[in-house]
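For clarity, every value in this text was computed on a predicted model and none was experimentally measured. Any value given below was found using the heavy atoms of this structure, including those in side chains, with hydrogens, waters and symmetry copies removed.
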Amino acid sequence: MAVQTLYLVDSGRGKVLKKEAEQITSIYTTDPDGRFTTLEDLKQFPNLTRLSLTYDTEAMTDEEKAELKQLHPKNVQMLSETLPDLPKLKELDLTYFDYFENVDFLSECDQIETLEIRYNKIQNIDGINGMKNLHVLDLRANPFTDLTPLTELDNLEILILDMVPAKNPEVLKSLPSLKMLVLSPQDPGQEIVLNELKNQGVAVYNEYNQEAYDKKLELLGREKMGNEI
């Protein structure tokens with residue numbers, strides 16, 4: 001991580017000055033070797049508000065993917081030990097970062113307002129209910145089915161569930177702040193639920209629409225994280 005971070009300021013100097021670290025608010029970093037050894041460096045940026053971490057798993061060979069799966073427990077531990085200690089972190093993107101089966105490692109990250117974990121292996125989202133300040137949540141292309149934990153997110157405004165085989169979208173009717181939802185109905189009953197949400201004033205889409213997403217972010221006064229897929 002040190003190499004990518006130094007590139008933001010002066011990769012030739014070999015160090016980041018304290019004053020420079022305080023000026024950095026956004027970091028996008030990837031590990032081309034398929035392994036981060038530590039995320040502790042992130043704590044040196046006290047004003048960090050936007051963070052994107054990726055291994056770019058889609059570009060990996062099968063052997064590299066197998067190796068990454070072996071590193072999964074360490075990755076989860078690094079995230080759970082580091083992210084809660086970034087008090088100003090508002091936007092987090094972990095798309096293609098790992099093979100997460102759950103999001104329990106985020107349960108103490110109530111400072112985060114925008115979360116993107118697309119294209120992963122998430123089986124349940126129980127850990128999400130501790131993220132009380134979430135406004136934007138993108139869980140696109142994950143295999144979990146139960147949406148119940150989302151009912152704890154009273155501030156949630158945008159919810160992207162494209163390519164998620166949700167079984168109980170009716171629970172989303174209890175979200176008081178929801179303004180936009182992306183979800184494809186699995187049966188006629190779910191289609192009725194989505195129409196009810198539309199009647200409540202929610203902008204509902206059956207598949208992800210980048211233009212609609214950008215416009216909704218703009219209306220809500222929020223910037224997109226960049227690196228959109």
Inset, instruction - Taking all non-hydrogen atoms of both residues into account, name the closest pair between I122 and P143 and its distance. - result: O-CD, 3.2 Å
Inset, instruction - List the atom of L89, the atom of L51, and the distance in Å for their closest heavy-atom pair. - result: CD1-CB, 3.7 Å
Inset, instruction - Please name the pair of heavy atoms, one in Y213 and one in I158, separated by the smallest distance, quoted to 0.1 Å. - result: CE1-CG2, 3.8 Å
Legend entry - In one Ile/Leu/Val/Met/Phe/Trp/Tyr side-chain cluster, 4.5 Å: L220, V136: yes
Legend entry - Set of ring-ring contact (aromatic ring centres under 6.0 Å, His included) partners for Y205, sequence neighbours left out: none
Inset, instruction - Give, for atom CG of L197 and atom CD of E170, the distance between the pair rounded to the nearest 0.5 Å. - result: 10.0 Å
Inset, instruction - Applying side chain to side chain contact (heavy atoms under 4.5 Å, CB included), name anything that partners V76, two or more places apart in sequence or on another chain. - result: H72, F100, F105
Inset, instruction - Using the test side chain to side chain donor-acceptor pair (under 3.5 Å), find all partners of E81 that sit at least two apart in sequence or belong to another chain. - result: Q77
Inset, instruction - To the nearest 0.5 Å, tell me how far L172 CG sits from L161 CG. - result: 7.0 Å
Legend entry - Inter-residue atom distance S177.OG - N155.CG, 0.5 Å rounding: 5.5 Å
Legend entry - Pairs satisfying side-chain hydrogen bond (donor to acceptor under 3.5 Å, both in side chains), at least one member in residues 99-112, at least two apart: none
Legend entry - Side-chain donor/acceptor of T114 to backbone N/O of E91, under 3.5 Å: no
Legend entry - Contact check, side chains of I160 and L137, non-hydrogen atoms, under 4.5 Å: no
Legend entry - Candidate pair F45 and L86, rule side-chain contact (heavy atoms from CB on, under 4.5 Å), full reasoning: CA-CA 8 Å; F45 301 90; L86 304 176; over 6 Å; no
Inset, instruction - Please assess D162 against D138 for the test side-chain contact (heavy atoms from CB on, under 4.5 Å), listing each intermediate value before the final yes or no. - result: CA-CA 9 Å; D162 194 14; D138 188 346; over 6 Å; no
Legend entry - Counterpart residues, side chain to side chain donor-acceptor pair (under 3.5 Å), relative to E152 (two or more places apart): K132
Only distances under 3.5 Å count here; give the side-chain donor-acceptor pairs of residues 187-196 to other protein atoms, sequence neighbours excluded, each with its distance to 0.1 Å.
{"unit_1": "D187", "atom_1": "OD1", "unit_2": "G189", "atom_2": "N", "d": "3.0"}
{"unit_1": "D187", "atom_1": "OD1", "unit_2": "Q190", "atom_2": "N", "d": "2.8"}
{"unit_1": "Q190", "atom_1": "OE1", "unit_2": "Q186", "atom_2": "N", "d": "2.8"}
{"unit_1": "Q190", "atom_1": "NE2", "unit_2": "A166", "atom_2": "O", "d": "2.9"}
{"unit_1": "N195", "atom_1": "ND2", "unit_2": "E191", "atom_2": "O", "d": "3.3"}
{"unit_1": "E196", "atom_1": "OE1", "unit_2": "K173", "atom_2": "NZ", "d": "2.8"}

Inset, instruction - Could you pull out all residues at least two apart from M78 that satisfy side chain to side chain contact (heavy atoms under 4.5 Å, CB included)? - result: F36, L39, K74, N75
Inset, instruction - Only counting residues at least two apart or in another chain, list the ones meeting side chain to side chain contact (heavy atoms under 4.5 Å, CB included) with N47. - result: E22, T25, K88
Inset, instruction - Just jot down the salt bridge (charged side-chain N to carboxylate O under 4.0 Å, His left out) partners of D85, sequence neighbours excluded, or say none. - result: K43
Legend entry - Between CG on residue L147 and CG on residue L183, distance to nearest 0.5 Å: 7.0 Å
Inset, instruction - Please name all residues satisfying side chain to side chain donor-acceptor pair (under 3.5 Å) with E211, sequence neighbours left out, ordered by chain then number. - result: K215
Legend entry - Distance in Å, L92 CG paired with I112 CD1, rounded so as to fall on 0.5 Å steps: 4.5 Å
Legend entry - Side-chain heavy atoms of D93 within contact of L53, under 4.5 Å: no
Inset, instruction - Please report the C-alpha distance between L159 and L150 in whole Å, then the side-chain angles of each, then the deciding distance to 0.1 Å, and finally whether the side-chain contact (heavy atoms from CB on, under 4.5 Å) criterion is met. - result: CA-CA 10 Å; L159 178 59; L150 298 174; 3.8 Å; yes
Legend entry - Exceeds 12 heavy-atom contacts within 6.0 angstrom, atom CG of D62: no
Inset, instruction - Would you name the heavy atoms of V182 and N206 that are closest together and state the gap between them? - result: CG1-C, 4.5 Å
Inset, instruction - Determine, step by step, whether N168 and T148 satisfy the side-chain hydrogen bond (donor to acceptor under 3.5 Å, both in side chains) criterion, reporting the C-alpha distance in whole Å, the side-chain angles of both residues, the deciding distance to 0.1 Å, and the verdict. - result: CA-CA 8 Å; N168 55 340; T148 304; 3.1 Å; yes
Inset, instruction - Please report the closest heavy-atom contact between N142 and I117, naming both atoms and the distance. - result: ND2-O, 2.9 Å
Inset, instruction - Output all residues satisfying salt bridge (charged side-chain N to carboxylate O under 4.0 Å, His left out) with E113, sequence neighbours left out; order by chain, then residue number. - result: K90, R222
Legend entry - Taking every non-hydrogen atom, the tightest pair across N129 and P149: CB-O, 3.7 Å
Legend entry - Face-on cation placement of R140 at Y119 ring, 6.0 Å and 45° thresholds: no
Inset, instruction - Check salt bridge (charged side-chain N to carboxylate O under 4.0 Å, His left out) between K121 and all other residues, then give those that pass, not counting sequence neighbours. - result: none
Legend entry - Trace of the side-chain contact (heavy atoms from CB on, under 4.5 Å) decision for M131 with L115: CA-CA 10 Å; M131 305 181 74; L115 174 63; 3.9 Å; yes
